[in-house]
Amino acid sequence: MKDLIEAAKAARARAHAPYSKFYVGAAVRDEQGRVFGGCNIENAAYPQGWCAEPSAISHLIMAGGRRVTEVAVMGNGDALCTPCGGCRQKLREFAAGDVKIHCCTETGVLIRTFTLDELLPASFGPENLS
Ligand code: THU
């Protein structure tokens with residue numbers, strides 16, 4: 001878990017969040033154990049910005065990863081920063097319900113671990129369309 005948290009922390013340092021000043025780092029592990037980080041990237045046209053989690057997912061996908069097997073996320077300070085609703089759904093596309101999501105302080109101290117099922121119960125996913 002340490003490598004994942006370190007990757008999220010490094011990603012957070014690259015956050016582009018001049019408007020909210022809420023700097024988010026996320027990291028995802030793929031089915032091969034590889035770790036990918038991502039940060040939030042805001043935009044002067046506010047709705048065009050995006051979250052840290054999809055940044056991390058896009059790195060995983062572009063490296064040929066298919067599944068998300070573990071997640072870490074951190075925002076500002078010591079407050080609990082869980083993935084937003086949209087990010088929970090984006091993770092759901094690639095992660096099983098028992099995948100762990102580690103929520104950390106900005107310095108990388110683990111606050112609480114959730115499963116995706118806890119954060120997104122009774123979810124809609126790819127199986128619903130098969
Ligand atoms: N943010 C994330 O990056 N991930 C989340 O799950 C929650 C929100 C970002 C979006 C925006 O740049 C800033 O945090 C404030 O909402």
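Just the heavy atoms: all of them, side chains too, but no hydrogens, waters or symmetry mates, feed the values below. Atoms within a ligand are numbered from 1 in the order they appear, just like the ligands themselves. Fair warning: this is a prediction, and the values are worked out from it, not measured in the lab.
A donor-acceptor contact shorter than 3.5 Å links the side chain of E31 to the backbone of R67.
Near ligand 1, S20, F22, V24, N40, E42, C51, A52, E53, T82, P83, C84, C87 each place a heavy atom less than 4.0 angstrom from the ligand.
Counting heavy atoms of neighbouring residues, nucleotides and ligands inside a 6.0 Å radius, atom CG of N43 exceeds 12 of them.
Using a 4.5 Å heavy-atom threshold, the side chains of D98 and L116 count as separate.
Within the structure, the ring pair (Phe, Tyr, Trp, His ring centres under 6.0 Å) test picks out the following pairs touching residues 12-45 (sequence neighbours left out): Y19-Y46.
Residues satisfying the side-chain contact (heavy atoms from CB on, under 4.5 Å) criterion with I111, sequence neighbours excluded, are L80, T105.
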Tell me which donor-acceptor pairs under 3.5 Å the side chains of residues 84-96 have, and how far apart each pair is, sequence neighbours excluded?
unit_1, atom_1, unit_2, atom_2, d
R88, NE, P83, O, 2.6
R88, NH1, L119, O, 3.0
R88, NH2, T82, OG1, 3.0
R88, NH2, P83, O, 3.0
Q89, NE2, F124, O, 2.8
R92, NE, S123, OG, 2.6
R92, NH1, E127, OE2, 3.4
R92, NH2, E127, OE1, 2.7

